[in-house]
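First comes the structure, then the notes that go with it.
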Amino acid sequence: EVQFVESGGGLVQAGGSLTLSCAASGFAFDDYSLGWFRQAPGKEREGVSCIASSDNTTNYADSVKGRFTISRHNANNTVYLQMNSLKPEDTAVYYCAPCVVLQTIVVITISDGDFASWGQGTQVTVSS
C-alpha cells in the first residue's frame with residue numbers, strides 16, 4: 001500500500017522557518033520524482049517544488065523560489081522541504097506526491113483519488 005506521511009507543519013510568525021518531512025512507503029522510492037504541493041482554503045492545489053529521481057534536479061514555483069529548498073534522502077525514503085522567510089500567503093495544507101515539471105510548472109502525476117487516500121498533509125499557518 002502506497003503511503004505518504006507528512007509532518008513538521010505548525011504555526012509560525014511571518015519571517016520564520018519550518019522544515020517539512022514526508023516519509024514514503026509502498027513503492028520504489030528511488031524511481032520517482034517527488035514533490036510538495038499545497039492547498040489553501042478556497043484555492044486550487046498548487047505545485048510548490050519537485051525533485052527529480054535521476055539527478056536530484058530541483059524546480060520551484062515562482063512564489064517560493066529563493067525561500068524554499070527541497071531535498072530527498074533515498075536511504076530512508078524521505079523528502080524534505082525547508083521553508084524560510086515564510087509569508088502569510090504560504091498558509092496551506094502541504095502534501096507530498098509524485099511529480100513532473102511541465103514548462104516550469106510542478107504538476108502532480110497521480111489521480112485525485114490516489115492523492116486523497118495516500119496522505120493526510122501537514123498544516124502550515126503563518127501569522128502576520
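Remark: the backbone N or O of Cys96 is paired with a side-chain donor or acceptor of Glu6 at under 3.5 angstrom. Checked by atom type and distance alone, the side chain of Thr69 never pairs as donor or acceptor with a backbone atom of Gln82 at under 3.5 Å. Using modelled atom types, no side-chain atom of Ser54 and backbone atom of Ala52 make a donor-acceptor pair closer than 3.5 Å. Counting only distance, with no hydrogens or angles, the side chain of Thr91 and the backbone of Val126 share a donor-acceptor pair below 3.5 Å.
The shortest non-hydrogen separation linking Ile108 to Ala97 is CD1-CB, 3.7 Å. Pairing each heavy atom of Asp30 with each of Arg72, the nearest pair is CA-NH2, 4.1 Å. Minimum heavy-atom separation, Ala92 to Gln123: O-NE2, 3.4 Å. Listed here is the closest heavy atom pair of Thr122 and Gly8: OG1-N, 3.9 Å. When every heavy atom of Val107 is checked against every heavy atom of Leu102, the shortest pair comes out as CG2-CD1, 4.0 Å. Closest of all the heavy-atom pairs between Ser53 and Ser33 is N-OG, 3.2 Å.
From Arg38, atom CZ reaches atom CE of Met83 across 9.0 Å, with rounding to the nearest 0.5 Å. Note that the OG1 atom of Thr57 and the CD1 atom of Ile51 stand 8.5 Å from one another [nearest 0.5 Å]. The CZ atom of Arg67 sits 4.5 Å away from the NZ atom of Lys87 when rounded to the nearest 0.5 Å. Atoms CG and OG1, on Leu11 and Thr125 in that order, are 6.0 Å from each other to the nearest 0.5 Å. Between Ser25 atom OG and Asn77 atom CG the span is 8.0 Å, to the nearest 0.5 Å. Considering CH2 of Trp36 and CG of Leu20, their distance stands at 4.5 Å, rounded to 0.5 Å.
For Asp62 and Lys65, the salt-bridge test passes: some basic side-chain N is under 4.0 Å from an acidic carboxylate O.
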request  = May I have the step-by-step check of side-chain contact (heavy atoms from CB on, under 4.5 Å) for Glu89 and Ser63, ending in yes or no?
outcome  = CA-CA 9 Å; Glu89 51 264 44; Ser63 57; over 6 Å; no
task = Given side-chain contact (heavy atoms from CB on, under 4.5 Å), test Val48 with Tyr60 step by step and report yes or no.
result = CA-CA 6 Å; Val48 174; Tyr60 299 92; 5.7 Å; no
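The distance between the ring centers of Phe37 and Tyr94 does not fall below 6.0 angstrom.
Val5 and Leu18 are members of different hydrophobic clusters when ILVMFWY side chains are connected at heavy-atom separations under 4.5 Å. Tracing side-chain contacts under 4.5 Å through hydrophobic residues (I, L, V, M, F, W, Y), one never reaches Tyr80 starting from Val106; they form parts of separate clusters. One hydrophobic cluster holds both Ile110 and Leu34 under the rule that ILVMFWY side chains link at heavy-atom gaps under 4.5 Å. Hydrophobic clustering (ILVMFWY, side-chain heavy atoms < 4.5 Å, transitive): Val93 and Val12 are in one cluster. Residues Phe115 and Leu81 fall within the same hydrophobic cluster, defined by Ile, Leu, Val, Met, Phe, Trp and Tyr side chains chained together at heavy-atom separations under 4.5 Å.
Not counting sequence neighbours, Asn59 has no partner by the side chain to side chain donor-acceptor pair (under 3.5 Å) test.
A donor and an acceptor atom, one from each side chain of Asn84 and Ser17, are located under 3.5 Å apart. When only modelled atom types and interatomic distance are considered, Gln13 and Ser127 share no side-chain donor-acceptor pair under 3.5 Å.
In this structure, Arg45 fails the cation-pi test against Tyr95, since its NZ or CZ atom is not both closer than 6.0 Å to the six-membered ring centre and inside 45 degrees of the ring normal.
More than 12 heavy atoms of other residues, nucleotides or ligands shown are found within 6.0 angstrom of CZ on Phe4.
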